[in-house]
Number of protein chains: 2
Amino acid sequence: MPKQVDHEQRRQLLAEAVFAVIGTRGWEAVSLRDVAVQAGVSMGTVQHYFPAKQQMLLFALAQMRDRVNARLQATLAALHGPGNQPSRRELIRAATAVMLPVDGPGREEACVNIAFFSAATVTPEYARQLRDGYSRILTVTVASFREAARLGELRDGIDPDAEAPALYFLTQGLVGPILIGLYQPDDALALIDAQLNRLFR
Amino acid sequence: MPKQVDHEQRRQLLAEAVFAVIGTRGWEAVSLRDVAVQAGVSMGTVQHYFPAKQQMLLFALAQMRDRVNARLQATLAALHGPGNQPSRRELIRAATAVMLPVDGPGREEACVNIAFFSAATVTPEYARQLRDGYSRILTVTVASFREAARLGELRDGIDPDAEAPALYFLTQGLVGPILIGLYQPDDALALIDAQLNRLFR
DNA sequence: TGTTTTTTAATGCGACTGCATCGTAACGGT
DNA sequence: ACCGTTACGATGCAGTCGCATTAAAAAACA
């Protein structure tokens, strides 16, 4: 009965257009027309896949969470690549670097996320989705620290349940300053490494 | 030359109206008309004091920086109150608590700041102002840590130049999660205290 | 009191917004 | 080959936006 297009793939294409608009011209520039132009389709197409603008943005937010997680998994998988077993410290450092806006995609993701954070202060739906996404990463971070503690990679007296959130929120706190040019990515990574030196043997 | 009203005071009144609009209905709701209604004046008045919307927002951003600094100074001055000399740890902890959205004013300030952060990703003027404001607080934080080190309040082996930015950015990283309800203010303060226990004797 | 200048208010305008309403093209099932 | 459903594009509409224009009100100085 349907035609031949992949519905979900079309929605993802439009979500990517939303990201491009936010990343280049900001959250305020996200109009149905501009998203359509960015995606190379007509406005009717956008309306066809998203009955309302907020639904488009909610889908885009979920898509962004998946995108970050995918980039995270890919980075961690690359460390496991050529037959070598990475240490927990290497994994945690790589995951931290992924969340910092150091390269092009990372910066776009950070811009989109901070825009949704701002919108979430007055739109509970965004806040709920952000909570889900960030709490998951936080949980994984804590689990990774506990594993490091179990493997004896942490220094004596380091509490993984206390230091894992601290490192995670420190990373989050570095995103904004990097975005506005207050802190350079190299300095941020140096700060992270200093903390890792303190936590790991 | 007749003049009856205090120009600067009027502009501050309008800036407060901007904060109220952002805090209650979000950055997108900041229109000249809504700001005028919030301030209890007409739209022509807003236009008279700010020839363009962006100038109003730039002034509001500078005003917000002053407001945070004022609240910070007031909090620190209160610690110096009844003839007692507060420790550097007490001062740093108080300053940290001021920057977290724990009470009403703190939450409004955090909402406004995150909104400007988002806007700063595409508007360099905002980015520059934010850099100035945050770098100043960062400088003060580092100076306070150095003073703590000079007074011997820090534990052995603690580098103030490395740990001061870490604590500062950790605090910044806690703001967003508290705003969206991912983290409770009490938990955030507990996390800060755990770090302070590590840094101070 | 009359004049000048600032302050405040009211209104209009072009542009843009999200959304609804069409019309049409294209494929799948029968 | 026909028809129904889906995909998609074009256009209209009520509302809002920032900003310009205009005028009235009010206070300081002549």
Side-chain angles (χ1 to χ4, degrees), chain A residues 1-22 24-61 115-116 118-120 122-126, chain B residues 1-22 24-61 115-116 118-120 122-126:
Chain A
M1 43 181 177
K3 214 170 171 179
Q4 68 180 10
V5 300
D6 185 347
H7 211 78
E8 194 65 10
Q9 181 180 329
R10 271 289 207 251
R11 288 162 71 95
Q12 292 180 7
L13 177 86
L14 293 174
E16 289 296 327
V18 171
F19 301 154
V21 171
I22 294 180
T24 57
R25 289 171 3 247
W27 171 272
E28 290 177 293
V30 179
S31 68
L32 299 184
R33 286 165 182 83
D34 285 1
V35 170
V37 170
Q38 178 73 38
V41 299
S42 97
M43 211 182 95
T45 301
V46 179
Q47 289 187 276
H48 177 68
Y49 290 101
F50 298 106
K53 181 184 178 182
Q54 174 155 329
Q55 299 192 23
M56 176 181 72
L57 291 171
L58 277 170
F59 177 85
L61 179 52
F116 274 106
S118 177
V122 287
T123 306
E125 290 94 332
Y126 297 147
Chain B
M1 321 179 246
K3 193 163 85 170
Q4 172 198 352
V5 300
D6 184 349
H7 213 77
E8 194 67 9
Q9 180 181 330
R10 272 292 208 251
R11 288 162 71 95
Q12 292 180 7
L13 177 86
L14 292 174
E16 290 295 327
V18 171
F19 301 153
V21 171
I22 294 180
T24 56
R25 299 191 328 268
W27 172 271
E28 291 176 293
V30 180
S31 69
L32 299 184
R33 288 166 178 83
D34 285 1
V35 170
V37 170
Q38 178 72 38
V41 298
S42 100
M43 206 180 105
T45 301
V46 179
Q47 287 187 277
H48 179 249
Y49 290 100
F50 298 106
K53 180 184 178 181
Q54 175 156 329
Q55 299 191 25
M56 176 181 73
L57 291 171
L58 277 171
F59 177 85
L61 180 53
F116 274 105
S118 178
V122 287
T123 306
E125 291 94 331
Y126 297 147

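Naming convention: chains lettered A, B, ... in sequence-line order (proteins, then strands); numbering from 1 in each chain. All heavy atoms count here, side chains included; hydrogens, waters and symmetry mates do not.
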Look at [X] and [N] and indicate whether a side-chain polar atom (N or O) is within less than 4.0 Å of OP1 or OP2.
{"X": "B:H48", "N": "C:dT7", "result": "yes"}
{"X": "B:S42", "N": "C:dA9", "result": "yes"}
{"X": "B:T45", "N": "C:dA9", "result": "yes"}

Results of salt bridge (charged side-chain N to carboxylate O under 4.0 Å, His left out) for A:R33 - residues two or more places apart only: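 Here no residue qualifies.
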Sugar-phosphate, base or nothing in reach of A:F50, heavy atoms under 4.0 Å: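 Touches nothing.
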For A:E28, all residues meeting side chain to side chain donor-acceptor pair (under 3.5 Å), sequence neighbours excluded: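 Partners of A:E28 under the side chain to side chain donor-acceptor pair (under 3.5 Å) test: B:W27.
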Partners meeting ring pair (Phe, Tyr, Trp, His ring centres under 6.0 Å) with B:F59 (sequence neighbours left out):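 Partners of B:F59 by the ring pair (Phe, Tyr, Trp, His ring centres under 6.0 Å) criterion, ordered by chain and then number, come out as B:F50.
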A:H7: partners by ring pair (Phe, Tyr, Trp, His ring centres under 6.0 Å), with sequence neighbours left out: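 For A:H7 the ring pair (Phe, Tyr, Trp, His ring centres under 6.0 Å) partners, ignoring immediate neighbours, are A:Y49.
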Spacing of A:Q55 atom CD relative to C:dG18 atom P, expressed in whole Å: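 Those two atoms, CD and P, are 14 Å apart.
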Rounded distance [0.5 Å steps], CG in A:D6 versus CG in A:L13: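 A:D6 CG to A:L13 CG: 11.0 Å, rounded to 0.5 Å.
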Nearest listed nucleotide, side chain of B:Q47, among D:dC19, D:dC8, C:dA9: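 That would be D:dC19.
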Of all pairs that satisfy salt bridge (Lys or Arg N to Asp or Glu O under 4.0 Å), the ones with a partner from residues 35-57 of chain B, not counting sequence neighbours: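 For residues 35-57 of chain B, and leaving out neighbouring residues, there are no salt bridge (Lys or Arg N to Asp or Glu O under 4.0 Å) pairs at all.
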Tabulate protein N/O versus nucleotide N/O from nucleotides 12-17 of chain D, keeping only pairs under 3.5 Å, one per line.
{"unit_1": "D:dC17", "atom_1": "OP1", "unit_2": "B:S31", "atom_2": "OG", "d": "3.2"}

